[in-house]
Enquirer: 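Structure incoming, see below.
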Amino acid sequence: MHLPSYEIPRKNPQRFDHVVFADASLPRRDPIDLARYAIISARMRPSPPPSPADDEFLRWLFERAGLDCSAYRADALRRRLPACLRVLRVRSLAEARRTLQHNPATLNGALTSTLIGVTSFFRDPAVFCALTETLRSLAASRRRPLRIWSVGCSDGAELYSVAIILAEIGVLADTDLVGTDCRADAIAAARDARFDALALHHVHAERRARFFVRNGSRWRANETLRSAARFRVGNVLACCEPGYWDVILCRNLTIYLEDGAARELWRRLQACLRPGGALVVAKAERPDLRNVVPTGPCIYRRVAL
């Protein structure tokens, strides 16, 4: 399988504005999903040889963040160590440890560089088209406010996408929207709600004018969206958000988990889903659950028992 090479601007490796293809036969104007290419490339490359020093540092880093390193795929975490060192501006794991010990504020950046959190508005448009119909159906049959939870919400683009749909069908004010992520800086970015143009690639001009305000070179979600969504730090692998949910979005998280942790997460999310509610996943994910059935691209409904 041939994969296009790409370059990411060096000034800030966590953000990117363009992709340069080495193969001139491929389209140049449409951005590609770098997270998906990273996943494919990682599976094609041989895994880095296990290193006790690497694994010990990762365990130590995750413990400082209150997370269980063993739930994540070790090979995926090892591949992110160079990015972690770059963020900390050090050359070795020993230096990284000293930096984190002397300056605890660097922990968030180190953790974010290790856990991939790429997202954007209306990512996979076909999924959001199907989700729109699901939300219409749920809203029409509800006897109470809808409750929607975005798991691993990153900078909030996914949950704000849902908020836009709900506003367009006239039920945003009657919906409880919650986003959680184990990374504090991701939650801070979600609350701030400023996005670059690439993140809004699938937001057409009418939506952009209605729901966003130009903020320098970026766009900020307007007050209607920001006031509708609540974000908080939370580790879904340790505990779920309380109560039943009508929609749970958990996309591109289990692909980074060990098989056992992924199965346990799907089981927990199913238990939190209201009968008739929808679980929204990513293209590479297949929930191994008995009581949910596919109803659209990447959408599963929980059947009543």
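We number each residue from 1, following the sequence as shown.
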Enquirer: So which atom in S154 and which in D181 form the shortest heavy-atom distance, rounded to 0.1 Å?
Expert: N-OD2, 2.9 Å
Enquirer: Okay, side chain of R59, backbone of C69: is any donor-acceptor separation there less than 3.5 Å?
Expert: no
Enquirer: Using a 3.5 Å distance criterion without hydrogens, assess whether the side chain of Y160 forms a donor-acceptor pair with backbone atoms of A190.
Expert: yes
Enquirer: Decide whether V171 and I248 are clustered together by the hydrophobic rule: side chain heavy atoms of Ile, Leu, Val, Met, Phe, Trp, Tyr closer than 4.5 Å, transitively.
Expert: no
Enquirer: Between V151 and L67, is there shared hydrophobic-cluster membership here, with clusters defined by ILVMFWY side-chain heavy atoms closer than 4.5 Å?
Expert: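 Per the 4.5 Å side-chain linkage, V151 and L67 are co-clustered.
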Enquirer: So F195 and D155, do their side chains get closer than 4.5 Å, heavy atoms only?
Expert: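 Yes. Closest side-chain heavy atoms under 4.5 Å.
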Enquirer: Side chains of T175 and L135: closer than 4.5 Å at any heavy-atom pair?
Expert: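 The answer is no; the side chains never approach within 4.5 Å.
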Enquirer: Can you hop from L273 to V281 via hydrophobic side chains spaced under 4.5 Å?
Expert: yes
Enquirer: Under a 3.5 Å cutoff, is there a donor and acceptor pairing between the side chains of T119 and E158?
Expert: no
Enquirer: Report the C-alpha distance between E95 and R98 in whole Å, list the side-chain angles of each, state the deciding distance to 0.1 Å, and finish with yes or no for salt bridge (Lys or Arg N to Asp or Glu O under 4.0 Å).
Expert: CA-CA 5 Å; E95 287 184 78; R98 287 194 294 271; 5.0 Å; no
Enquirer: Going only through I, L, V, M, F, W and Y residues with side-chain contacts under 4.5 Å, is there a path from V178 to V162?
Expert: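 In one cluster with V178: V162, no.
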Enquirer: Do L131 and C298 have side-chain heavy atoms sitting under 4.5 Å apart?
Expert: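 No, every pair of side-chain atoms sits at 4.5 Å or beyond.
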Enquirer: Minimum heavy-atom separation for G179 and L159, please, with both atom names.
Expert: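 Nearest heavy atoms, G179 then L159: N-CD2, 3.5 Å.
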Enquirer: Quick one: does any side-chain atom of R251 pair with a main-chain N or O of R123 as donor and acceptor, under 3.5 Å?
Expert: yes
Enquirer: Of the non-hydrogen atoms in A130 and P297, which two are nearest, and what is the gap between them?
Expert: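 Closest approach of A130 to P297: CB-CD, 3.8 Å.
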Enquirer: Verify, without hydrogens or angle tests, whether R64 (side chain) and L107 (backbone) share a donor-acceptor contact under 3.5 angstrom.
Expert: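 Side chain of R64 to backbone of L107, a donor-acceptor pair under 3.5 Å: no, none is there.
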Enquirer: Give the intermediate values and the outcome of side-chain contact (heavy atoms from CB on, under 4.5 Å) for residues T99 and R89.
Expert: CA-CA 9 Å; T99 297; R89 299 183 178 182; over 6 Å; no
Enquirer: Please check if the side chain of D246 supplies one atom and the backbone of R147 the other of a donor-acceptor pair under 3.5 Å.
Expert: yes
Enquirer: With heavy-atom distances below 4.5 Å as the criterion, would you say the side chains of R78 and D55 are in contact?
Expert: yes
Enquirer: Does the pair T134 and V280 meet the rule for a side-chain contact (heavy atoms from CB on, under 4.5 Å), with working shown?
Expert: CA-CA 10 Å; T134 298; V280 187; over 6 Å; no
Enquirer: Under the 3.5 angstrom rule, does the side chain of D185 hit a backbone N or O of A188 as a donor-acceptor pair?
Expert: no
Enquirer: For residues L77 and L88: do they belong to one hydrophobic cluster (side chain heavy atoms under 4.5 Å, members Ile, Leu, Val, Met, Phe, Trp, Tyr)?
Expert: yes
Enquirer: Quick one: does L279's side chain get under 4.5 Å of P287's, heavy atoms only?
Expert: yes
Enquirer: Salt bridge or not for R142 and D174, using N-O below 4.0 Å?
Expert: yes
Enquirer: Go through it in stages, so that I can follow the logic: the residues are W266 and L257, the test is side-chain contact (heavy atoms from CB on, under 4.5 Å), and I'd like the CA-CA distance, side-chain angles, deciding distance and then a yes or no.
Expert: CA-CA 11 Å; W266 290 133; L257 300 179; over 6 Å; no
Enquirer: Are I164 and F122 close enough that some pair of their side-chain heavy atoms sits under 4.5 Å apart?
Expert: yes
Enquirer: Please tabulate, one pair per line, all N/O donor-acceptor pairs under 3.5 Å involving side-chain atoms of residues 209-217, not counting sequence neighbours.
Expert:
residue: R214; atom: NE; partner: G216; partner atom: O; Å: 3.1
residue: N215; atom: OD1; partner: R194; partner atom: NE; Å: 3.0

Enquirer: Measure from the side-chain N and O atoms of T112 to the backbone N and O of G109, and report whether any donor-acceptor pair falls under 3.5 Å.
Expert: no
Enquirer: Given 3.5 Å as the limit, does a donor-acceptor pair link the side chain of S161 with the main chain of A157, or not?
Expert: yes
Enquirer: Any idea which heavy atoms bring A110 and L100 closest together, and the distance?
Expert: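 Heavy atoms only, the tightest pair is CB-CD2, 4.1 Å.
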Enquirer: Considering only distance and modelled atom types, tabulate donor-acceptor pairs under 3.5 Å from the side chains of residues 226-239, sequence neighbours left out.
Expert:
residue: R226; atom: NH1; partner: A221; partner atom: O; Å: 2.6
residue: R226; atom: NH2; partner: E223; partner atom: OE1; Å: 2.9
residue: S227; atom: OG; partner: E223; partner atom: O; Å: 2.8
residue: S227; atom: OG; partner: T224; partner atom: O; Å: 3.2
residue: R230; atom: NE; partner: D176; partner atom: OD1; Å: 3.4
residue: R230; atom: NH2; partner: D176; partner atom: OD1; Å: 2.6
residue: R230; atom: NH2; partner: D176; partner atom: OD2; Å: 3.1
residue: R232; atom: NE; partner: E241; partner atom: OE1; Å: 2.8
residue: R232; atom: NH2; partner: E241; partner atom: OE1; Å: 2.5
residue: N235; atom: OD1; partner: L237; partner atom: N; Å: 3.1

Enquirer: Could you tell me whether R302 sits above the aromatic face of Y244, with NZ or CZ closer than 6.0 angstrom to the six-membered ring centre and within 45 degrees of the axis?
Expert: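 No, cation not above the ring by the 6.0 Å, 45° rule.
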Enquirer: Can you see which heavy atom on G276 is nearest to which on L138, and at what distance?
Expert: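 Shortest heavy-atom separation between G276 and L138 comes out as O-CD2, 3.8 Å.
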Enquirer: Give a yes or no on whether a salt bridge exists between R73 and D75, defined as a side-chain N under 4.0 angstrom from a carboxylate O.
Expert: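 Here R73 pairs with D75 in a salt bridge, since their nearest N and O are under 4.0 Å apart.
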Enquirer: Would you say that R286 contacts Y300 through its side chain, given a criterion of any heavy-atom pair below 4.5 Å between the two side chains?
Expert: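 The answer is yes; the side chains approach within 4.5 Å.
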Enquirer: Kindly indicate whether the side chain of T180, heavy atoms from C-beta on, has any atom under 4.5 Å from the side chain of I187.
Expert: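 Answer no - side chains too far apart.
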Enquirer: Please say whether more than 12 non-hydrogen atoms of neighbouring residues, nucleotides or ligands are located less than 6.0 Å from CZ in R290.
Expert: no
Enquirer: Please report the shortest heavy-atom distance between F57 and L81, naming the atom on each side.
Expert: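 Taking F57 first and L81 second, the nearest heavy atoms are CD2-CD2, 3.8 Å.
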Enquirer: Rounded to the nearest 0.5 Å, what separates atom SG in C250 from atom CZ in R268?
Expert: 12.0 Å
